[in-house]
Protein chains: 8
Amino acid sequence: MSKYKVAVVMGSESDMPIMQKAAEILQFFGVEHGMTVSSAHRSPTYLLRWIKEMEASGVCVFIAGAGGAAHLAGVIAAHTTKPVIGVPITSKLLGLDSLLSTVQMPKGVPVATVAVDGAANAAVLAVQILAVADSDLKTKLVEYKESMAKEVESKSKGIKNK
Amino acid sequence: MSKYKVAVVMGSESDMPIMQKAAEILQFFGVEHGMTVSSAHRSPTYLLRWIKEMEASGVCVFIAGAGGAAHLAGVIAAHTTKPVIGVPITSKLLGLDSLLSTVQMPKGVPVATVAVDGAANAAVLAVQILAVADSDLKTKLVEYKESMAKEVESKSKGIKNK
Amino acid sequence: MSKYKVAVVMGSESDMPIMQKAAEILQFFGVEHGMTVSSAHRSPTYLLRWIKEMEASGVCVFIAGAGGAAHLAGVIAAHTTKPVIGVPITSKLLGLDSLLSTVQMPKGVPVATVAVDGAANAAVLAVQILAVADSDLKTKLVEYKESMAKEVESKSKGIKNK
Amino acid sequence: MSKYKVAVVMGSESDMPIMQKAAEILQFFGVEHGMTVSSAHRSPTYLLRWIKEMEASGVCVFIAGAGGAAHLAGVIAAHTTKPVIGVPITSKLLGLDSLLSTVQMPKGVPVATVAVDGAANAAVLAVQILAVADSDLKTKLVEYKESMAKEVESKSKGIKNK
Amino acid sequence: MSKYKVAVVMGSESDMPIMQKAAEILQFFGVEHGMTVSSAHRSPTYLLRWIKEMEASGVCVFIAGAGGAAHLAGVIAAHTTKPVIGVPITSKLLGLDSLLSTVQMPKGVPVATVAVDGAANAAVLAVQILAVADSDLKTKLVEYKESMAKEVESKSKGIKNK
Amino acid sequence: MSKYKVAVVMGSESDMPIMQKAAEILQFFGVEHGMTVSSAHRSPTYLLRWIKEMEASGVCVFIAGAGGAAHLAGVIAAHTTKPVIGVPITSKLLGLDSLLSTVQMPKGVPVATVAVDGAANAAVLAVQILAVADSDLKTKLVEYKESMAKEVESKSKGIKNK
Amino acid sequence: MSKYKVAVVMGSESDMPIMQKAAEILQFFGVEHGMTVSSAHRSPTYLLRWIKEMEASGVCVFIAGAGGAAHLAGVIAAHTTKPVIGVPITSKLLGLDSLLSTVQMPKGVPVATVAVDGAANAAVLAVQILAVADSDLKTKLVEYKESMAKEVESKSKGIKNK
Amino acid sequence: MSKYKVAVVMGSESDMPIMQKAAEILQFFGVEHGMTVSSAHRSPTYLLRWIKEMEASGVCVFIAGAGGAAHLAGVIAAHTTKPVIGVPITSKLLGLDSLLSTVQMPKGVPVATVAVDGAANAAVLAVQILAVADSDLKTKLVEYKESMAKEVESKSKGIKNK
C-alpha cells in the first residue's frame, strides 16, 4: 500500500504539462505524492476506487486538475473529508468554465480552488496544509518564501541598471 | 419497484419551485415520473444508489436540476447510458456558473442542457425523446406545438386592436 | 427517399472540421445519418424544405451546429417535434455567443445543447436517444462506456510508472 | 391591406412594456406602424405569414424585440431585404444572451442592433432610415435632436444652482 | 464637394483589413462611398469637420468601425440625424468592449450595431437603408439574397456526395 | 468666470445620487468645484462649449460619470490635456459596459478610471492630483488616510467583543 | 496572547452577515477562532500588525473575506506561510471581481478560494486542514458529512410523498 | 537619494515588454523616472521599503503594472497619498481579472486605472498630473496632442487616395 501524503489526479492525460508543475513543487519540498489520471465522467468507478485506496493509504491532501465542466475536485470532495485542492485547467472558454465548476461548491463540501492552471500553487498550498503539523516543512516554506523575495529583489536591481 | 419513464432530481430542496415546472409538463403529457432531491456533493452515495434504482426500474430519461458548481447532471451521465437532461438553476452568478458546469462536458459523456431555469423545457425534451418510439406522445407533441402557435396568434390579435 | 435516423446540419461549410466528429461517432455506432449545410439566415427556405424532407423520411433526431448568433438548432426546433441537439461552434467571442444563442430557448421549444464544439457528444446523445427503443444500441453504448473507462484506467497506469 | 411604414414585433406579450416605447416614438414622429406578437420559435409559420403580409403591404423597416436566445430579428432578416432593427430584451442573464443572439449575425444578413431594452432607439433609428428619403421626417429629427440638447442644458442649469 | 452616399470611417489605420470588406460590398452594389481614418479621441476636431463635410455633401448613411472604448460611431451619431452603423472591431478583450461601447447608446441617439468585425454586414445594412427609396438597389438586394441561398444549397450538395 | 479647481460632469440627471458623493468629498477637502449635467451624445455641442469654458477658467482636473456606452470621460479627454477621471455608472449590464467604455481608451488619450459607481474615489484621486503641488491638501490627505485606518481599527475592536 | 487556531478577518464591517457563517461552523466544530475587521487598503499597517500577532499566537489557518478588488486574502498570503482561505464577497459585479481578485494569485503565493459568499465552506475547509493532525476533528468531520447526507435523504423522502 | 518624479513598478519581469512603453513616453516628455520589479505577493517587504524610499525621495506619481490577481497598484495606494496609476496586464483570462483587481478599489483608496496593457497611457496620465503645476509639460502635452491629430489626419489622406 502506498505511503503518499498528497494524491494528485487529473481529468485527462492532456492536463499533464500543467499538473506536472504540482509534482515538481512537491518533489522540491520532499513530499511523497502519487499522480494519476482519472475522469469524474469517463471513469467514475475507477475514480471512486482510487479515492478509497488513497484514503486507506493515509493520504492527507488531494489535488485535482480538470477543465471544462470540471467536476473532478468536487466529486473527490464529496467522498472524502480530507482537504481537496482544485486546479481549473484552461479551456476553449479560457478556463472560466473550469474555474466556476471548481470553486462554486455548495455548503458543506468545499474545494480549495487556486488560479487557472495554478498547479504549482496547488502544491504549495498542500505543503502549507501539511506544515500545520510538520515543523520541517514549516521551515522549508519560510526559506522558500525568502528565496522568492530575494529573487524578485535581485531582478529589480537588474532593471534599475538598464 | 417503480415504473417511472422519467426520473427528475434536484440538488437542493430550494430548487423545487423551478423543477416543479418539469413535473407539471410531464403530468400534462401523462408521462410517469418520479422526483427526488439528491446532491452530487452532499449525498453522493445515496445519489449513486438512486441512479441504480432508477436504471433497474427501467427509467428512460433523467432530468437533473442544480445550481452553482452544478455537477448533478454530469455525475448521473457518468453512471448511465440513458439520456441525461441538465437544468442549470439561477445562482448568485446569474446561473452562468450552473450553465457552464452543466453543458461543458467532456467527449463521451454528454448532458443535454436546456436554458437557465428551463425545467419545463427539460420535460418537453424528455417527452420528445420518449416520443421517438411512442406514437401517442408524438401526436400529443404535435397538438402541444399547434396550441402554442394558436395562443401566440390570438395574443397577437389582442395587441393589434390596442 | 432517404432512410436516415439522424439528420446533421451545419450553418456553414467552415463548421465541417468540427461537425465531422458527429458523423464519425454515428458511423462507429452504425447509425444511418445524413449531413448537409444549410443556414437559418442565408438559405432559410432551403432549410425549411430540408426539415420537411427529413421529417417525411422518418428521421428521429436532428443535430445542428452553428456559431455566432446561432439560430440553426432553434429554427429546426420551431418546425419539428423531434429532439433537436444543438452544437455551439467556436467564434470570435469564444463560442459564448453561440452557446447562449443555442441554449437559452423559450418555454415549449427546447434545444438539447452540448458543449462548445461538442459535436462528438451531440452524436453520443443522439445514439442514447435512439437507444431508448433499440436494445442493440443500448448494448453498444454500455460497451462504449466501458471502453472509455478502461482507456482512462490504462493511461493512469502509464503515468504512475513515470 | 395595411399601410404601415414600420412593422414592430415582439417575441412575447411580456415584452410589451419595453416595446411600447418604440410605438410612442413612432407616434411622436407621425410614422404609421403596426405592432404584433409573434415568436420565431412558438409560432414560426404565423411569423413567416406576417413577414410576407408586411412585405406585401409595403412596409419599409422592421423592428423586432426578443429576449434569451433572441432569434426573432434574425429570422425576419433571413426573409426580407428590408432593414431589420433588433432590440435585445433583458433576461435572466441581464440580456447578454439576447444581445449576442441578436447582433452576431453572419455575413449577408445584418440585424441593426440597438441597446438592451433600447426600443425607443429602435424607433428613432427607423425614423432616421425613413428620413433618408423624406424631408419632413428629416426636419422633425433635427428638431428632436435640438430639443434633447436643450433639455439637457436646462437640467444642467438646475444643478449649477444647487 | 464629394457625392458619396455612404461615408465609411475607422478609428485607426489598423482597422483597414476589416473595414475594407465594407468597401467591397458597397462597390459590388455600385454605391458611391468615401473612406477615411479619424479618431474620436486622437483627432476629434478633424472628425467633427469631416462629419460636417459629409453632411454638407449629402451623405445618407455613416459606417464607423472602432475597437476598445469604441466611441467613434457614438460621436458621429451625436452630431448627425443620419443613420449611423457601428462596427465593433476585435480587441484584446475579444471585441466585447468594442461591442458594448458601440451598442449601449442612450435614448435618442441610436447606433445601428452589427457583429464584431461585421464590416461587410454594415455595408449590406447601408444598402438596405438606401434601397428603401431606390428600387434598383432593392432589385440588387433580392438578387444578392437569392445568390447567397443558391451558394449554400450548392455547397450542401457537395457535402451529401462526400 | 468661475474659479473651479475640479469640474464634475455627469451624463444624465439620474446619475446625481452617485456623483453627489464626489461633491461631498471635494467639499470635505475644501476644493472649489463645479458640477453639471451634459451628455456626450444628447448635448455634444453644449459639452464642447462647457469643456472650453472650464479650460479657460483654469480648471485642473475633470471628473466625468456616465453609464452604458459611457463616452463622456473619453470625449473630454479628447479635448483637453488635463487629467480626466472617469466614473463608470451602474447599468442594466451591471456597469460592465460603462467600465469597459470608460477604461479601454486608445494610446495618447488616457482616462483615469475608478470603480463602478466610485464617485467618492474619483474625488479623492482629484485631490491627490491637486496635492502634488499643494502641501495643505497633502497634509489633509495624510490625515484623511489616518482617520480611515483608525475607523477600521475601532470597528475591529467592536467585533472582537462580540 | 490569544490561542486561536483559526483567524477570521473581513475587509469591511458590512461583510459580517456573510462572514458570521464561518464563525458558526467553527463554533460547531469547537475550534477556537478570532474574528476581526481589517482592510488591506484602508488599514494596511494595522493589518500587518494583526497578521504578525496572529502568527505569534500560533494561529494555524487564516480566513479572509473581501469584495471588489479583494486583496485581503492575497496580502495575508504574502506575509505568512500558513494556509490562507479566501472568501470572495458579493459585489456590484456579482462578486466576479471579488472571485478573480482572490483566486488568480501568482506562483508561490496561493490563496485557497471558496465560492462567492462561501464563508461556511471556508470554515469547513479550515477544519479539514486542522483535522490532518487532529483525529477528534477528523471524527467530527465524518459525522458532519454523514448528517448532511442523511438530511438530504430525508428531504428526498418528503418530496416523493408530495 | 533619487530625484524621480514618477516611479514605475511591475509585478514580474515578464511585464517588461509592456511596461517599457511607459518609460518611453516618460523619456519623450523628459520626466525623470525610476523603474523596478517588485511583487505585492512575492516580495511584499521589499515593496513596502521601496514605496517608502520613493516617498522619501519626493516621487510625485506611482505607476504599477500587474496581471492576474493584480494587487500591486492597490497595495501602493494603501501606503501612499500620491496618485497611483494601475496598468492591468493581459493574462490567461484576457486581463479581465487584472482589470477588475486593479480598478474595483474601496472608498478612500483610489487607483487611477488605464486600459489593459495601457502602459503608454499610464505615462501620459502621469505627465498630465505633473503638468497641473508645470507649464513646460503643459505646453509639451498640447504639442503631443496636436501631433497625434495631425498624424491621424495625414493617414486619412493616404486612404482617400487609395
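Proteins get letters first, then strands, A, B, ... in listed order; numbering begins at 1 in each.
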If you draw a 6.0 Å radius around NZ in B/Lys5, do more than 12 non-hydrogen atoms from other residues or ligands fall strictly inside? no
At a 4.5 Å cut-off on heavy atoms, which part of B/Leu99 comes close to chain A: side chain, backbone, both, or neither?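 Neither the backbone nor the side chain of B/Leu99 comes within 4.5 Å of chain A.
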Which heavy-atom pair separates B/Leu125 from B/Ala112 by the least distance, and what is that distance?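 Nearest heavy atoms, B/Leu125 then B/Ala112: CD2-CB, 4.1 Å.
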Counting only N and O atoms by type, is there a donor-acceptor contact under 3.5 Å from the side chain of B/Lys140 to the main-chain atoms of B/Phe29? yes
Taking A/Ser43 for its side chain and A/Ser39 for its backbone only, find out whether a donor-acceptor pair lies under 3.5 Å.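 Here the side-chain-to-backbone pair exists.
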Looking only at heavy atoms and a cut-off of under 4.5 Å, which of [options] has the most pairs with chain A?
options                            : answer
B/Leu96, B/Thr45, B/Val109         : B/Val109
B/Ser12, B/Gly11, B/Pro44, B/Gly68 : B/Pro44
B/Ser98, B/Gly108, B/Gly74         : B/Gly74

Can you tell which part of [X] gets under 4.5 Å to a heavy atom of chain B, answering side chain, backbone, both or neither?
X        : result
A/Ala70  : backbone
A/Lys107 : backbone
A/Ala77  : neither
A/Leu48  : side chain

Applying salt bridge (Lys or Arg N to Asp or Glu O under 4.0 Å) to B/Lys155 and B/Glu151, what does each step give before you reach the verdict? CA-CA 6 Å; B/Lys155 276 180 188 165; B/Glu151 198 192 327; 3.3 Å; yes
Looking at A/Val59, A/Ile85, A/Ile63, which one forms a side-chain contact (heavy atoms from CB on, under 4.5 Å) with A/Val6? A/Ile63
